[in-house]
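As structure tokens, the structure follows; a few thoughts come after it.
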Amino acid sequence: MEYNFSEIEAKWQKYWDETKIFQTKEEALKKFYLLVMFAYPSGDIHMGHFRNYSVADVYGRKKMMEGYDLLFPFGWDAFGLPAEGAAIKAGIDPEHWTLGNIAVSSNTLKLLGIAFDWSREIRTCMPDYYKWTQWVFLQLFKSGLAYRKTSLANWCPVCKTVLANEQVSGGECWRCHNQVEKKEMEQWFVRITDYSQQLLDGLDTLDGWPENIKTMQRNWIGRSEGTEIDFQIEGTDKKVTVFTTRPDTVFGVTFMAMAPEHPLAKELVIGTEYEKDVLDYIKKSQLKTDIDRTSTVREKDGVFTGRYVINPLSGEKAQLWIGDYVLASYGTGVVMGVPAHDTRDFAFAKKYNVPIKVVINPKDHELNPEEMTDAYTEEGIMVNSGEFSGLPSPEGIVKVSEAVEKLGVGKRTVNYKLRDWLVSRQRYWGAPVPIVHCEHCGLVPVDEKDLPVLLPKGDIDFIPKGRSPLADCEEFMNTTCPKCGRPAKRDADTLDTFVCSSWYHIRYTDPHNDKMPFTKENADKWCPVDMYIGGSEHACMHLIYFRFVHKFLKDKGFLTSYEPATRLFNHGMVLDSKGEIMSKSKGNVVSPIKLMKEHGVDPTRLAMFFASPSEKEVLWSDAFIVGVKRFTSRFFNICSEKTKKNIGEIDFSKLTGEDKKFYVLIEKTVKKVSEDIDKFQYNTAISALMAFLNSAEKYSGNDDLLSYALKKAIMLIAPLAPHMAEELWSIAGEKESIFKAHWPTYDEEAVASELITMVIQIKGKVKAKIEVSPDMPEDEVKKIALEKVKIPECDVKKIIFVKGRLVNILI
RNA sequence: GCCGAAGUGGCGGAAUAGGCAGACGCGCCGGUCUCAAAAACCGGUGGGAUUUAUCCCUUAUCGGUUCGAUUCCGAUCUUCGGCACCA
């Protein structure tokens with residue numbers, strides 16, 4: 001029988017649709033929540049989506065066959081810049097553009113036969129969803145976690161919008177890759193930093209997350225323990241506080257460097273001879289781009305303020321400088337300069353002739369400041385440090401900190417690199433910030449009963465001008481204050497799309513609720529996500545935000561789980577055959593739709609899976625399809641011809657010879673495929689099925705046994721090639737969907753009883769092989785081995801025996 | 001610079017609580033079928049030597065531990081990912 005894929009695919013997709021087989025069961029007795037990162041509808045589905053969803057689909061279908069009640073939903077992360085880009089370029093309304101793309105992509109996804117529960121589809125750009133995104137924001141606001149602050153925001157001059165720190169990489173905008181500037185603006189922030197420690201601690205509970213993602217998040221949160229120390233400014237009643245992780249070097253402070261943005265910077269020099277130089281320097285450093293500012297290769301520079309600070313421990317004076325290598329946003333914005341023991345301070349001191357004072361010596365020799373070419377940053381013994389001299393530096397860190405606290409000039413403290421989350425955007429296509437600005441009452445949250453704050457439609461000028469397009473829409477802007485009732489203005493900004501995606505996993509548990517974002521009952525029934533599948537590029541963005549929002553909602557009592565997802569799997573990217581990212585501009589895009597139409601969905605899936613393990617990238621080549629097409633057609637032929645509905649019992653103990661071997665093979669294949677799918681190693685699962693097929697075609701024994709084995713093989717291939725498996729299942733006489741069949745078990749006795757090949761080595765080199773049963777006594781195996789290689793027992797020095805593996809004879 | 005992962009035939013890749021390196025597939029070579037070709041099927045295929053039922057070499061490179069190392073340890077090289085003046 002010919003394998004007519006297009007007919008078979010259409011038939012079974014229709015069947016799945018009509019029988020609603022993939023619709024989530026409400027009772028969920030044995031729940032499994034499988035989640036794929038939802039899609040940005042930028043056009044049609046590409047190979048990356050195809051791989052992501054197919055990999056998840058295999059996993060989900062196997063779970064179904066294992067008897068789990070599966071929640072496997074899909075949706076659209078539908079707000080965001082590209083829709084506005086299309087509006088500007090082509091004059092299309094962003095909503096029209098977005099919904100059009102969703103329609104096209106949904107159709108494609110349905111043709112791909114992914115087992116999504118489409119009845120739970122969500123679209124973040126629709127009022128029934130963003131109403132609740134606004135609700136989430138209001139909870140944050142009411143808890144004091146959403147606040148406005150004027151700050152130097154990352155500003156992308158091309159997208160004309162602000163960006164969160166996470167959206168700037170290497171000084172470039174994550175979307176358009178143009179250089180980001182700094183711009184002073186009043187913005188909405190979310191106090192994610194209140195959760196720094198919780199987000200860090202939570203990682204230790206996430207055993208099912210890849211280590212590299214957890215490491216990236218740990219580094220991103222960037223916890224460091226240290227000590228804050230106050231230095232009095234000479235001749236004033238003011239003091240500056242520094243944060244240091246090396247209080248053991250405090251006696252080596254010869255200068256102090258302050259960030260140009262520090263509130264005291266200007267104040268300290270006003271009216272002095274240093275005023276002009278310092279103000280010029282501050283102005284200059286603000287004009288520098290982030291790339292210049294944060295480049296580690298750039299020569300450090302600074303300007304002297306004419307002021308001195310007093311070291312609270314040594315009583316020594318140190319020069320106070322302004323230097324733009326000091327970050328205002330980390331620690332206290334002031335750094336104590338210890339040239340002898342810090343690389344940056346050393347470079348700075350050398351440039352400006354600041355004294356270098358050694359306070360830590362290596363164990364074996366003494367440092368001479370004049371001869372040093374580099375800072376000594378290792379551990380050592382404290383010197384020139386008063387009562388602390390002679391202490392090993394790790395101990396010094398503790399002792400100096402204690403002294404600082406005792407003197408009342410500082411305290412031990414913890415710092416994090418994590419910054420607050422900037423959530424406002426000066427764009428149209430997003431969820432409006434549900435806040436009213438009232439002259440009398442200040443910032444007033446919109447009443448929950450008045451949500452959503454609808455995004456106005458119609459005549460909106462989308463051209464980016466550096467302020468929100470909504471600001472010009474008077475109809476939208478003019479409102480009344482929910483508190484005092486007087487005329488007031490709406491907030492003109494919209495929320496970052498990462499706010500929309502920070503809670504979508506919970507909305508899926510109750511997607512049509514119009515009274516609440518979700519019920520606690522439903523959230524707790526399904527959450528946490530049991531397996532979350534997506535790319536690793538979101539490690540420090542979405543994957544932190546959604547953990548934060550989940551924890552926040554938990555703390556507010558809206559749900560019970562501490563983490564949104566217990567297991568995470570990152571699939572690799574699909575690249576072109578040269579290893580480059582596929583993009584329209586390069587013209588190297590491979591279309592999954594074209595492949596699917598030409599070869600069928602199942603062969604295309606199999607080719608993708610077989611090409612490489614799922615977590616690795618795959619350099620796509622159409623040649624991958626050749627082998628699996630031969631395989632599918634051979635598999636289809638033998639199964640459609642040799643399976644029978646009724647077969648007699650297979651009694652392993654009565655099998656012999658070829659029959660026994662073949663039976664053991666199918667049982668072993670069940671074990672292998674089951675384990676490999678659980679590990680996302682679909683490539684080896686497929687090769688095990690190929691090896692089985694090779695033997696099945698050669699097998700010429702018992703028809704019942706062959707049919708028994710083939711039906712097991714059909715079930716094994718079902719998650720990987722679902723349409724073909726359904727067809728073969730029905731040809732085999734089965735009436736129900738194969739996805740209602742139970743995932744096959746294997747005969748452990750048979751798998752364990754298989755004859756094993758033992759290797760006979762002489763001095764570690766393979767000389768012969770013997771087949772023995774696994775329970776043959778050691779002495780007997782040794783005897784056979786010696787006979788086999790014709791070595792008399794008297795020549796043997798030693799025999800190494802590894803059960804079930806080998807015999808190594810030393811002579 | 002720091003942290004992490006990886007390096008296996010012509011290619012994708014398999015095998016690591018240390019135990020037959022190269023499963024499975026692509027490609028290639030030979031064959032069957034055919035007037036011929038394609039498709040399909042069958043056989044062969046890491047490299048080298050050879051007296052061809054034989055031997056040597058081989059998992060980035062060099063060393064170590066071991067009866068035995070792709071797997072463990074150390075050094076070096078390369079590639080990829082992340083962080084990058086975080087005091």
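The analysis underlying the following values was restricted to heavy atoms, covering all of them including side chains, and did not include hydrogens, waters or symmetry mates. All values derive from a computational prediction rather than experimental measurement.
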Roughly how many Å apart are [M] and [N], using the [atom1] atom of each and rounding to a whole number?
N      : M      : atom1 : result
G13(B) : G18(B) : P     : 26 Å
G30(B) : A21(B) : C1'   : 27 Å
U52(B) : G44(B) : C1'   : 15 Å
G63(B) : C3(B)  : C1'   : 26 Å
G4(B)  : A14(B) : C1'   : 25 Å
U50(B) : U61(B) : C1'   : 30 Å
G31(B) : G10(B) : C1'   : 23 Å
A17(B) : C11(B) : C1'   : 33 Å

Roughly, in whole Å, what's the span from [atom1] in [X] to [atom2] in [N]?
X       : N      : atom1 : atom2 : value
I581(A) : C80(B) : CD1   : C1'   : 12 Å
M256(A) : A87(B) : CE    : P     : 16 Å
M216(A) : C80(B) : CE    : P     : 17 Å
W321(A) : A87(B) : CH2   : C1'   : 18 Å
L619(A) : C80(B) : CG    : P     : 13 Å
L327(A) : A84(B) : CG    : C1'   : 11 Å
F631(A) : A39(B) : CZ    : P     : 21 Å
D676(A) : A23(B) : CG    : C1'   : 12 Å

Is it true that [X] and [Y] have ring centroids separated by less than 6.0 Å?
X       : Y       : answer
F304(A) : Y352(A) : no
F624(A) : F609(A) : no
F631(A) : F610(A) : no

Between D324(A) and Y281(A), does the side-chain contact (heavy atoms from CB on, under 4.5 Å) criterion hold? Intermediate values first, please. CA-CA 9 Å; D324(A) 65 6; Y281(A) 180 81; 3.3 Å; yes
Pairwise N/O distances under 3.5 Å, protein to nucleotides 26-31 of chain B:
from   : atom 1 : to      : atom 2 : distance (Å)
C26(B) : OP1    : R630(A) : NH1    : 2.5

Is the shortest side-chain N to carboxylate O distance from [X] to [Y] below 4.0 Å?
X       : Y       : result
R218(A) : D204(A) : yes
E405(A) : K411(A) : no
E675(A) : K671(A) : yes

How does each nucleotide of nucleotides 64-70 of chain B score, in 5' to 3' order, for protein heavy atoms under 4.0 Å: base (B), sugar-phosphate only (S), or none (-)? ---B---
Can you see if the side chain of [X] gets near the phosphate of [N] - specifically, an N or O under 4.0 Å from OP1 or OP2?
X       : N      : answer
N683(A) : G12(B) : no
K616(A) : G13(B) : yes
Y330(A) : A87(B) : yes

Only pairs at least two apart or in different chains count here, so list each ring-ring contact (aromatic ring centres under 6.0 Å, His included) that has a residue in residues 785-811 of chain A.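 Of all non-adjacent pairs touching residues 785-811 of chain A, none passes ring-ring contact (aromatic ring centres under 6.0 Å, His included).
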No-hydrogen, no-angle side-chain donor-acceptor test under 3.5 Å, S401(A) and T227(A): yes
With no hydrogens and no angle check, is any side-chain donor or acceptor of [X] less than 3.5 Å from a backbone partner on [Y]?
X       : Y       : result
K782(A) : V807(A) : no
Q217(A) : A539(A) : yes
N311(A) : F251(A) : no
R547(A) : L199(A) : yes
K642(A) : L710(A) : no

Of K672(A) and V334(A), whose closest RNA chain B nucleotide lies nearer the 5' terminus?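 Counting from the 5' end, the first nearest nucleotide belongs to K672(A).
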How do S224(A) and T215(A) order along RNA chain B: which one's closest nucleotide is nearer the 5' end? T215(A)
Stems with RNA chain B, 3 or more Watson-Crick or G-U pairs in a row (under 3.5 Å), are B:1-7 with B:77-83, B:10-12 with B:24-26, B:27-32 with B:40-45, B:46-49 with B:54-57, B:60-64 with B:72-76
Given [options], identify the nucleotide with an atom nearest to the side chain of [X].
X       : options                : answer
P613(A) : G13(B), A87(B), C85(B) : G13(B)
V759(A) : C20(B), A87(B), C24(B) : C20(B)
W220(A) : C24(B), C83(B), G12(B) : C83(B)

For R634(A), which contact category applies under a 4.0 Å heavy-atom criterion: base, sugar-phosphate, or nothing?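 Sugar-phosphate: the residue R634(A), judged by heavy atoms under 4.0 Å, touches backbone atoms but no base.
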Verify the neighbour count for atom CD1 of I581(A): are there more than 12 heavy atoms of other residues, nucleotides or ligands below 6.0 Å?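 It does not: I581(A) CD1 has 12 such atoms or fewer within range.
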Taking RNA chain B as the partner, which of residues 690-700 of chain A come within under 4.0 angstrom of it by heavy atom?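 Residues of residues 690-700 of chain A that come under 4.0 Å of RNA chain B are, in numerical order, M690(A), N694(A).
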Output a table of donor-acceptor pairs, distance under 3.5 Å, between side-chain atoms of residues 330-341 of chain A and any protein atom two or more places apart or on a different chain; print 'none' if there are none.
from    : atom 1 : to      : atom 2 : distance (Å)
Y330(A) : OH     : S224(A) : OG     : 2.9
T332(A) : OG1    : T241(A) : O      : 2.6
T332(A) : OG1    : V334(A) : N      : 3.4
T332(A) : OG1    : V334(A) : O      : 3.3
H341(A) : ND1    : Y376(A) : O      : 2.8
H341(A) : NE2    : V359(A) : N      : 3.0
H341(A) : NE2    : I360(A) : N      : 3.1

For G9(B), measure the glycosidic angle (O4'-C1'-N9-C4 for a purine, O4'-C1'-N1-C2 for a pyrimidine) and name it syn if it falls within 90° of 0, otherwise anti.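 You should classify G9(B) as syn.
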